[in-house]
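Lettering of chains follows the sequences in order, A, B, ..., and the numbering in each one begins at 1. Excluded from the calculations below are hydrogen atoms, water molecules and symmetry mates; all remaining heavy atoms, backbone and side chain alike, are included.
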2 protein chains.
Amino acid sequence: MTETTPNEDSEPRPAEMRAESFHAVREAHRNELAEDYVELIAELIAQFGEARPVDIAARMGVTPPTVAKVLNRLAREGLVARAKYRSVFLTPEGATLAEACLRRHEIVVRFLVRLGLDPETAEKDAEGIEHHVSERTLDLFRTFADGD
Amino acid sequence: MTETTPNEDSEPRPAEMRAESFHAVREAHRNELAEDYVELIAELIAQFGEARPVDIAARMGVTPPTVAKVLNRLAREGLVARAKYRSVFLTPEGATLAEACLRRHEIVVRFLVRLGLDPETAEKDAEGIEHHVSERTLDLFRTFADGD
DNA sequence: ATGACAAGTTAGCCACGGCTAATATAATGA
DNA sequence: TCATTATATTAGCCGTGGCTAACTTGTCAT
Ligand SMILES: [Mn+2]
Ligand SMILES: [Mn+2]
Ligand SMILES: [Mn+2]
Ligand SMILES: [Mn+2]
């Protein structure tokens, strides 16, 4: 059975289009951890004046060694500045990204709550959804959240 | 600077709650590939009577060896049945999962379209969002999609 | 029936992000 | 001060999911 145009009634999406979607998802997942980290680091700095690995670990729900490894990658990528055994800070690039992520996060949460979701679940679902929301979709979310 | 109750105006969510959210996201990501594969396999079987690795690869946007490796895992997990050099089929468990994923996928897409998104982008965003939607949220999506 | 091409598999590489155990440094308080 | 505790890092393990290259098997047309 070779792959030709199907004789079905509802046209299935072409293979390449599907592939594009999955590529986009994988791309989102590649950026996800960096986004959540810088966002969290920004919040910790705002609250405490610094971001300590131990606090990051507690909030990310992972162990300190895991945090260390990720932070090294973020440093390598220029999002984070660090000195051994010291707190973590954001580079300008990291701070910019954090700001964008924070905004997006809040829009998604407000949208879900507006839709009727309890804030707890909204926060939980948003943590995943936020990374898969295109600019267009985010605009619609924002409008809906503010709207009525 | 130790971590105590902050003197901020807006109460930040406790660390454990945040950790829970991230745990949920990681859990979703662990199931994601299996869900997308069985969903796709179900569709291919519906269209062509069988699901061939080469067609899976084209639609997932990956190479055949990658598909082979993932299929082996799915077989190990009892979602898929296969014989060497033959097409892939779903176990009852796999078929059940596929059905649920298909439904969820369609709800998310219809929701996004109803919100005002073009079908292209809706399909793309849905591919990621679907895995981060709780039962509650899915209900709200369904209602909104049908509603008005 | 068989040879050529398509499809599938295997082997082996890599980066990532979890983890534990062990070690090194910093911070605290008696 | 300095001993104890808290925090951070390193080393090393594992499973996953990408990839390419090489090989095996299946399919199809002549
Ligand atoms: Mn997130
Ligand atoms: Mn998906
Ligand atoms: Mn899907
Ligand atoms: Mn995701």
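Scanning for side chain to side chain contact (heavy atoms under 4.5 Å, CB included) contacts around B:Ser21 gives A:Lys124, A:Glu127, B:Arg13, with sequence neighbours left out. A:Arg142 meets the side chain to side chain contact (heavy atoms under 4.5 Å, CB included) test with A:Ile107, A:Leu138, A:Asp139, A:Asp146; sequence neighbours excluded. With sequence neighbours excluded, no residue forms a salt bridge (charged side-chain N to carboxylate O under 4.0 Å, His left out) with B:Glu120. Under the rule for a ring-ring contact (aromatic ring centres under 6.0 Å, His included), the partners of A:His132 that lie at least two apart in sequence or sit in another chain are A:His29, B:His132.
Atom-to-atom, CZ of B:Phe22 to P of C:dC19 comes out at 14 Å; the value is rounded to the nearest Å. Taking atom CG of residue B:Asn72 and atom C1' of nucleotide C:dT9, one finds them 9 Å apart after rounding to whole Å. What separates CD of B:Glu50 from P of D:dG26 is a distance of 14 Å, to the nearest Å. The interatomic distance linking B:His29 (NE2) with D:dG18 (P) rounds to 12 Å, in whole Å. Rounded to whole angstrom, the span from the CD1 atom of A:Ile56 across to the P atom of C:dG17 amounts to 14 Å. Straight-line distance from the CD atom of A:Glu32 to the P atom of D:dT16: 19 Å, rounded to whole Å.
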Return all side-chain donor-acceptor pairs below 3.5 angstrom for residues 37-44 of chain B, not counting sequence neighbours, or 'none' if the list is empty.
from: B:Glu39; atom 1: OE2; to: B:His105; atom 2: ND1; distance (Å): 3.4
from: B:Glu43; atom 1: OE1; to: A:Arg18; atom 2: NH1; distance (Å): 3.3
from: B:Glu43; atom 1: OE1; to: A:Arg18; atom 2: NH2; distance (Å): 2.2

Cut-off 3.5 Å, no hydrogens considered: what does the side-chain donor-acceptor table look like for residues 73-83 of chain A, sequence neighbours left out?
from: A:Arg73; atom 1: NH1; to: A:Glu77; atom 2: OE1; distance (Å): 3.3
from: A:Arg73; atom 1: NH1; to: A:Glu77; atom 2: OE2; distance (Å): 3.0
from: A:Arg82; atom 1: NH1; to: A:Asn72; atom 2: OD1; distance (Å): 2.7

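The hydrophobic cluster containing B:Val109, built from Ile/Leu/Val/Met/Phe/Trp/Tyr side-chain heavy atoms closer than 4.5 Å, also comprises B:Val113. Within the hydrophobic cluster formed by Ile, Leu, Val, Met, Phe, Trp and Tyr side chains joined at under 4.5 Å, directly or through other members, A:Leu102 stands alone, with no partner residue.
Phosphate proximity of D:dT9 to A:Arg52: absent, as no side-chain N or O sits under 4.0 Å from OP1 or OP2. Between B:Arg30 and the phosphate of D:dG15, there is no side-chain N or O to OP1/OP2 separation shorter than 4.0 Å.
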Name the pairs: protein N/O against N/O of nucleotides 19-23 of chain D, kept only if under 3.5 Å.
from: D:dC19; atom 1: OP2; to: B:Thr63; atom 2: N; distance (Å): 3.0
from: D:dC19; atom 1: OP2; to: B:Thr63; atom 2: OG1; distance (Å): 2.9
from: D:dC19; atom 1: OP2; to: B:Thr66; atom 2: OG1; distance (Å): 2.9

Check nucleotides 1-5 of chain C against the protein and report each pair of N or O atoms closer than 3.5 Å, with its distance, or say if there are none.
none

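Pairs engaging residues 87-107 of chain A under the salt bridge (Lys or Arg N to Asp or Glu O under 4.0 Å) rule: A:Glu35-A:Arg104, A:Glu99-A:Arg103 [sequence neighbours left out].
Residues A:Ala34 and B:Leu71 each lie close to DNA chain C; by heavy-atom proximity, the contact nearer the 5' end of the strand is made by B:Leu71. Taking for each of B:Arg73 and A:Lys84 the nucleotide of DNA chain D with the nearest heavy atom, the 5'-most of the two is the partner of A:Lys84.
Comparing the start and finish of the helix from C:dA1-D:dT30 to C:dA30-D:dT1, five pairs each, the helix axis swings through 10°, to the nearest 10 degrees.
Residue-level contact check: A:Arg86 touches the backbone only, with heavy atoms under 4.0 Å from sugar-phosphate atoms and none from bases.
Pairing each heavy atom of B:Phe89 with each of B:Gly49, the nearest pair is CE2-O, 3.7 Å.
For the pair A:Glu16 and A:Glu20, the minimum side-chain heavy-atom distance is 4.5 Å or more.
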